[in-house]
Structure formats: C-alpha cells, structure tokens
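Whatever order the structure lists ligands and atoms in, that order sets their numbers, starting from 1.
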Amino acid sequence: MAKKELKFNSKTIHGGQRPDKAYGAVMPPIYQTSTYAQSTPGGHQGFEYSRSGNPTRTALENSLASIENGQYGLAFASGLSAMDAVIKLLNPGDEVISTNDLYGGSYRLFRQVFEKYGIVFHFIGMQDMAAIEEKINKNTKLVWVETPTNPMMNVVDIKAVSALAKKHDLLLAIDNTFATPYLQQPLDLGADIVMHSATKYLGGHSDVVVGALIVNDKELADKLYFIQNASGAVCGPMDSFLTLRGIKTLHVRMQRHNENGEIIAKYLNDHPKIEKVYWPGFEDHPDHDIAKSQMNGFGGMISFIPKGGTFEAAVKIVEKLEVFTLAESLGGVESLAGHPASMTHASIPKEEREKSGVVDALIRLSVGIEDVDDLIADLGQAIG
Ligand code: P1T
C-alpha cells in the first residue's frame, strides 16, 4: 500500500519515512554535520549545507507534511520563527487580520517586530464572519487564525474563514498547535498554511523548541523555503530527530490527553470553588458546535477561574500544585499549569488581554497523560 494512503495513526509512524540509504537504519540518523563533501563544485548528493537542508530535518519535514495531509513541510528553530517566515512573505503596507486571543509571543512578534516594518495587524474575535469581512481592504493579504485559541479556548470555523479568504484572495494560515492534526486538519478545511509550535504536542516530551509550516501549493512552499534558507532559523538535526520520535506516538498521546482533558474539565466544572471553566467540549461553550464538527475531540487544554476571581486565589492554587508543574509551555506528557497574565501572555498589555478574557485570575492547564486520579487529587488539594 502506498504510504500516502495510510490512515492517520499509521502516518504518524511511517508517513514520508523510509529506511536510511546508508545502512538501512529504521530511524534516520542524527546527521550532526554542517556541510557535505562535493566531488566537484556542485557535485553533491542532494545536500550541500545544513541551513539549506539536512537529511534528519528532511525526514521530519516529510513526516510533518504527511500528518497534516500537505505536500510540503518545513521545520524551523521554533514556532515563532515559523511564524516569522510567514509574515516575511508580506511587504510594507500589507495588512493582516488575526484572532484577538492568541499566544502572547505571537502578539509580540506581530506588534513589536513587524509593525515597525510597516505591516499592519488587526486583532478581532473571529466568531462573526461579517466582522472579519469589515476589516478587509485592498491591502489585506493574510488572515492569521489560532484555533482553539491560547488560552481562552475559542474555536474558529476554519471552513467559513477559508471561504472568506478565498473570496478576497487572501492567504489563510492556521496555528494548529493546540489541536494537532490528530484533532483537526486545517489544509483539508481550506487553509493555505498550517503552522505549529512543534515544541508542544508534536514533540510531546518538553525536550525541544521547534516550529513547523505545512502547505500544499508549490509556489508558496518555494517562497517559504527561500525565506527559511535566507533567514536561517532552521531546526537542527538533534531537534529534528527528537520531534520525529515524538510524532510517532502523537495519536496514542492525544487519545489520552483527550480522555484526561474531558475528565478534568468536568471535575473543575462541578467543583464548588471554581467559577468558570473554558473547554470547547462543554455543550454550552459558545463554539461547541463548530468544535464538534471540525475537530475529532476537544483536547487536553483547559483554562479556568477560581471563585472570587482574584489574582491571589489563582496564584495560591498554582503554587500548591504538586503533580502539575507550574511552567510555561504545554502539550508534553506531563501536566503543566500556567498563569497566562504573568507568564505566557505577559507581553500583551493588560487592557488588551483582559478584553479577550485573559484576566489575572485565569489559570491554564495542559493536562498530561498521567493517571487521571492523581491529577484530580492534586487539583483537589490545591483548590482546597
Ligand atoms: O515557543 P515556540 O515554539 O516558538 O512557539 C510559539 C507558539 C506559537 N503558537 C502557539 C499557539 C503557542 O502556544 C506557542 C508557544 N506557547 C507557549 C510557550 C505557551 O506556554 O503558551
């Protein structure tokens, strides 16, 4: 059977992979080299310098393309450097419409790095297509969507935004970090670019910082490859190897993240000392129907506000947690807790972040794949 036809749970293991040519190694060797011998100028075996290409990175890039149902994958030094490459497709004066609730570092990249080069960013809630359309003008070139959003767990209708983007000839990029291709495959829903912080679920073990872009269009892939090579923020061979190894268990990890996420979300929702829980699996979540139709599950990311809704109450809980680790990042096998206002979203001005719901009392959980009883006991003792 051609590997292209494999189902998702097999693609994570085999997609785009073949035994190494030299000795048949089943996992690609970590080609820890910067350069490659040439027999005559230009006489190389497909690789000449590891910024331009490295066999271990190629193995990862082929896997990324396969699991996202794309033609081309590109692996970067971080999620933000992958985003940086997408924005570098634009020119001064071009405009971008982005979700208003997004990772703080993404917001910082847009506002504090690219605005000074004359690129204009609009941040809006993307539940209302008419509101998006209102922001479109002749300079608009790109729609940037994070779904589910970090940390408020809003879900954007990718098909609907894609129809709008196509109507106005705009590129549509989806940050698929929270969902992963196990839950949602944006290229199939009409997106042009899928982006990942592969640092998170794809790597899955909190041991690398890696970014990814996946596209179907050859011309777009060529432009992004040019930027990747010209700017140079590439994923190194060791990190490529680790990310590839992580991807091989993505489906089994995600299955457990989903199961544990659902149990924890319901536990928190029923807890008398919890005010509000944000998780798209709840039927009364405003985007539940979209989430249900475009995702194969609701994932292990949950945000919540303790009763009283104070900064102090939130800090007290995260300080008391013992199985959950208080740390930035998400998507690893171990459960993490974060305080977005002071950690991952601190670079967004308070007034801006509070508009999208990122208040000082908000706690974000990345539910890991431990025994869920231990996670519940830990939350129970911390909430008190
Ligand atoms: O950290 P890096 O690999 O550069 O990826 C940035 C990034 C992009 N998009 C989303 C949705 C993200 O969550 C991130 C990184 N986020 C965290 C570190 C965090 O704790 O939310």
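A side-chain N or O of Glu334 and one of Ser206 form a donor-acceptor pair less than 3.5 Å apart. For the residue pair Ser52 / Asn229, a side-chain donor-acceptor distance below 3.5 Å is found, with atom types taken as modelled.
Using a 4.0 Å cut-off between heavy atoms, Thr177 contacts ligand 1 through its side chain alone, with no backbone atom that close. Contacts of Arg364 with ligand 1, taken as heavy-atom pairs under 4.0 Å, involve the side chain alone.
Between Tyr107 and Phe123, the ring-plane angle classifies as tilted under the 30° and 60° cut-offs.
The closest protein non-hydrogen atom to atom 13 (O) of ligand 1 is Asn150 ND2, 3.1 Å. Of the protein's non-hydrogen atoms, the one nearest atom 8 (C) of ligand 1 is Asp175 OD2, 3.6 Å.
Within ligand 1, the atoms closer than 4.0 Å to a non-hydrogen atom of Leu330 are 13 (O), 19 (C), 21 (O), numbered from 1 in the order shown. Near Ser78, with a cut-off below 4.0 Å to any heavy atom, the atoms of ligand 1 are 3 (O), 4 (O). Listed by atom number, the atoms of ligand 1 under 4.0 Å from Glu146 heavy atoms are 11 (C).
Of the possible polar contacts, one joining the Lys248 side chain to the Ile13 backbone as a donor-acceptor pair under 3.5 Å is found. Side chain of Gln381 to main chain of Asp378: a donor-acceptor pair is present (N/O by atom type, distance under 3.5 Å, no hydrogens or angles). No donor-acceptor pair closer than 3.5 Å links the side chain of His196 to the backbone N or O of Ala198.
Geometrically, ligand 1 and His345 share no nitrogen or oxygen pair separated by less than 3.5 Å. Considering backbone and side-chain atoms together, Ser197 places an N or O closer than 3.5 Å to an N or O of ligand 1. Close N/O approach between Thr199 and ligand 1 is found [any backbone or side-chain N/O within under 3.5 Å].
Ser329 counts as a contact of ligand 1, since one of its heavy atoms falls under 4.0 Å from the ligand.
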Next on the checklist: As a quick check of understanding, evaluate side-chain hydrogen bond (donor to acceptor under 3.5 Å, both in side chains) for Asp175 and Thr177, giving each step before the final call.
Outcome noted: CA-CA 6 Å; Asp175 183 335; Thr177 299; 2.6 Å; yes
Next on the checklist: Show, in sequence, the C-alpha distance, side-chain angles and deciding distance for Lys135 and Thr140, and conclude whether the side-chain hydrogen bond (donor to acceptor under 3.5 Å, both in side chains) test is met.
Outcome noted: CA-CA 8 Å; Lys135 291 272 177 225; Thr140 312; over 6 Å; no
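Using a 4.5 Å heavy-atom threshold, the side chains of Gln184 and Asn296 count as separate.
Among Glu328, Lys200, Met343, the residue whose heavy atom lies closest to atom 18 (C) of ligand 1 is Lys200. When the options Tyr103, Phe178, Phe76 are ranked by their closest heavy atom to atom 17 (C) of ligand 1, first place goes to Tyr103.
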